[in-house]
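Step one of this worksheet: look at the structure below.
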Amino acid sequence: MAIIEARKLSKVYRTAVKQPGLRGALRHFLRREYREIHAVRAIDLSIEPGEVVGFLGANGAGKTTSLKMLSGLIYPTSGEARVIGHIPFQRNRDLLRRITLVMGQKQQLVWDLPAMDSLKVNAAVYELDAQKAARVMGELGEMLGLGETLYRPVRKLSLGERMKCELMASLLHEPQVLFLDEPTLGLDVNAQDSIRKFLHEYNARYSATILLTSHYMADIVALCPRVILMHEGSLIYDGSLTGIVDRFAPYREIELKLAEPVDTSRLRQFGEVAAANGRTVRLIV
């Protein structure tokens, strides 16, 4: 049974259109005009328990809007969705205790306090008893390699350390479903690798379902056997990572720089000659 399902899920924003200048301001005040922005267009998807799925697409493709609808943060314009058997935008208490949403550009930790203090607040919010909270903090702290970092003020932490603490705060209640929106955004190569290894281990240890957006292909290659590709609000591909290359880029263009000119007919056995200029030849293979 799918743990995340969406059928014809759509989100349309209605925004006011205003022309520049005084005339535009007066017209906007007296006779306001609107236009519709289709952020997500009737997407269908189904994700099984324990899957790690990558959400790909350019900025504005609808990835973050989709995550927000699936996590219950915003209401859809039309369509339906179910996460762990619940309608997410009804914000059922049982559902909220079993999912989490992490956004790389947002933070929940109190800036001037040690991360541990914020973790204790989160544990109280999720009504975790002291024994369970200590166990989970110990496990996650060891997996993330935080140690004494948890006892330093958040403002004194590096971006990578802060992101690890953010993940820990979001996972204290041991959610079954993780919605991760660019969790490695802005991190250096070492910090990105550390976060990837943690997510891989977390998925293996707890069989958590992860839906991940990222503009770093290294994240997708390392974590996601399956990818979903969105373009201008529409879902245009759902399948394996290798399959996306076969579908959208079935050919390669190779440029050869030769020591001396050669008869291009001798190269046709390797592929189609796209262009030839002296000692430079481009092949499509």
- Determine, stepwise, if the pair R152 / E161 fulfils salt bridge (Lys or Arg N to Asp or Glu O under 4.0 Å). CA-CA 11 Å; R152 290 159 49 197; E161 291 171 332; 3.8 Å; yes
- Check against side chain to side chain contact (heavy atoms under 4.5 Å, CB included), K156 and D112: CA-CA 9 Å; K156 293 187 177 181; D112 291 311; over 6 Å; no
- Message: Set out, in order, the CA-CA distance, both residues' side-chain angles and the distance that settles side chain to side chain contact (heavy atoms under 4.5 Å, CB included) for L171 and F198, then state yes or no.
- Response: CA-CA 12 Å; L171 300 176; F198 167 73; 3.6 Å; yes
- Task: Give the C-alpha distance, both sets of side-chain angles, the deciding distance and a yes or no for salt bridge (Lys or Arg N to Asp or Glu O under 4.0 Å) between E174 and R98.
- Result: CA-CA 7 Å; E174 298 179 298; R98 298 162 71 185; over 6 Å; no
- Task: For the pair R135 and E142, evaluate salt bridge (Lys or Arg N to Asp or Glu O under 4.0 Å) and give the outcome as yes or no after the intermediate values.
- Result: CA-CA 11 Å; R135 175 184 63 80; E142 181 182 356; over 6 Å; no
- Item | From CA spacing to verdict: salt bridge (Lys or Arg N to Asp or Glu O under 4.0 Å), R97, E127 | CA-CA 10 Å; R97 296 176 70 93; E127 300 177 348; 3.7 Å; yes
- Message: Could you go through M168 and L144, starting from their C-alpha distance and side-chain angles, then the distance that decides it, and tell me whether this counts as side chain to side chain contact (heavy atoms under 4.5 Å, CB included)?
- Response: CA-CA 8 Å; M168 188 171 174; L144 287 163; 3.9 Å; yes
- Between Q176 and I99, is a side chain to side chain contact (heavy atoms under 4.5 Å, CB included) present by the stated rule, with each step listed? CA-CA 6 Å; Q176 291 177 254; I99 67 172; over 6 Å; no
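Side-chain contact between H28 and E33: absent, with no pair of heavy atoms (C-beta onward) separated by less than 4.5 Å. Counting heavy atoms from C-beta outward, L180 and L211 have side chains that stay 4.5 Å or more apart. Using a 4.5 Å heavy-atom threshold, the side chains of H86 and D94 count as touching. With contacts defined as side-chain heavy-atom distances shorter than 4.5 Å, the pair K164/I195 qualifies. In this structure the side chain of I210 never reaches within 4.5 angstrom of the side chain of V53, judged on heavy atoms. Within the 4.5 Å cutoff, no side-chain heavy atoms of L235 are placed close to those of D44. Between Y237 and V227 there is a side-chain heavy-atom pair separated by less than 4.5 Å. No side-chain heavy atom of H38 sits under 4.5 Å from any side-chain heavy atom of T77.
R205 CZ: more than 12 foreign heavy atoms inside a 6.0 Å radius.
To the nearest 0.5 Å, atoms NZ (K18) and OH (Y34) are separated by 14.0 Å. To the nearest 0.5 Å, atom CG of residue L70 and atom CG of residue L9 are 6.0 Å apart. Note that OG1 of T149 is 6.5 Å distant from CG of L157, once rounded to the nearest 0.5 Å. Note that CG of L212 and CZ of R196 are 10.5 Å apart. Values are rounded to the nearest 0.5 Å. Going from atom CG of L223 over to atom CG of L199 covers 6.0 Å, rounded to the nearest 0.5 Å. Note: L56 CG to I244 CD1 = 5.5 Å, rounded to the nearest 0.5 Å.
Between the side chain of K63 and the main chain of G57, a donor-acceptor pair closer than 3.5 Å is present. Formation of a donor-acceptor pair under 3.5 Å by the D238 side chain with backbone atoms of I228 is not found in this model. Distance alone, capped at 3.5 Å, places no donor-acceptor pair between the R32 side chain and the R27 backbone. Side chain of T65 to main chain of V40: no donor-acceptor pair is present (N/O by atom type, distance under 3.5 Å, no hydrogens or angles). Not a single donor-acceptor pair under 3.5 Å links the side chain of R82 to the backbone N or O of A6. With hydrogens and angles disregarded, a donor-acceptor distance shorter than 3.5 Å links the side chain of S71 to the backbone of L67. A donor-acceptor pair under 3.5 Å is absent between the side-chain atoms of D219 and the main chain of S214, judged by distance alone.
Heavy-atom minimum distance, R41 versus S10: C-OG, 3.8 Å. Residues M230 and S66 approach most closely at SD-OG, 3.8 Å, considering heavy atoms. Summarising the geometry of A115 relative to C165, their closest heavy-atom pair is CB-SG, 3.8 Å, with the distance given to 0.1 Å. Here the closest non-hydrogen pair linking L241 and C224 is CB-O, 4.3 Å. Here the closest non-hydrogen pair linking H215 and E182 is CD2-OE1, 3.4 Å. Considering all non-hydrogen atoms of both residues, L140 and Y202 come closest at CD2-CE1, 3.9 Å.
In this structure, a donor-acceptor pair under 3.5 Å is absent between the side chains of S78 and K8.
No single ILVMFWY cluster, assembled from side-chain heavy atoms under 4.5 Å apart, contains both L73 and V102. Taken together through direct or relayed side-chain contacts under 4.5 Å among Ile, Leu, Val, Met, Phe, Trp and Tyr, Y151 and V110 form parts of separate hydrophobic clusters. A chain of hydrophobic side-chain contacts below 4.5 Å, direct or via other Ile, Leu, Val, Met, Phe, Trp or Tyr residues, connects L128 to L178. Hydrophobic cluster membership is shared by V177 and L95, with clusters built from Ile, Leu, Val, Met, Phe, Trp and Tyr side chains linked at under 4.5 angstrom. M217 and L185 sit in two unconnected hydrophobic clusters of ILVMFWY residues. Membership requires side-chain heavy atoms under 4.5 Å apart, directly or through other members.
Partners of E166 under the side-chain contact (heavy atoms from CB on, under 4.5 Å) rule, at least two apart in sequence or in another chain, are Q107, Q108, L109, M163. Applying the side-chain contact (heavy atoms from CB on, under 4.5 Å) test to T64 and every residue at least two apart in sequence or in another chain returns K68, M103, D181. Every residue meeting the side-chain contact (heavy atoms from CB on, under 4.5 Å) condition with E48, not counting sequence neighbours, appears here in chain and number order: A2, S46, E51. Under the rule for a side-chain contact (heavy atoms from CB on, under 4.5 Å), the partners of H173 that lie at least two apart in sequence or sit in another chain are T100, Y126, P175.
Screening L113, L119, V121 against D117 for a side-chain contact (heavy atoms from CB on, under 4.5 Å) leaves a single residue, L113.
Other cluster members for I87: Y75, F89, joined by side-chain heavy-atom distances under 4.5 Å among Ile, Leu, Val, Met, Phe, Trp and Tyr.
Residue pairs meeting the ring pair (Phe, Tyr, Trp, His ring centres under 6.0 Å) criterion with at least one member in residues 128-147, sequence neighbours excluded, do not occur.
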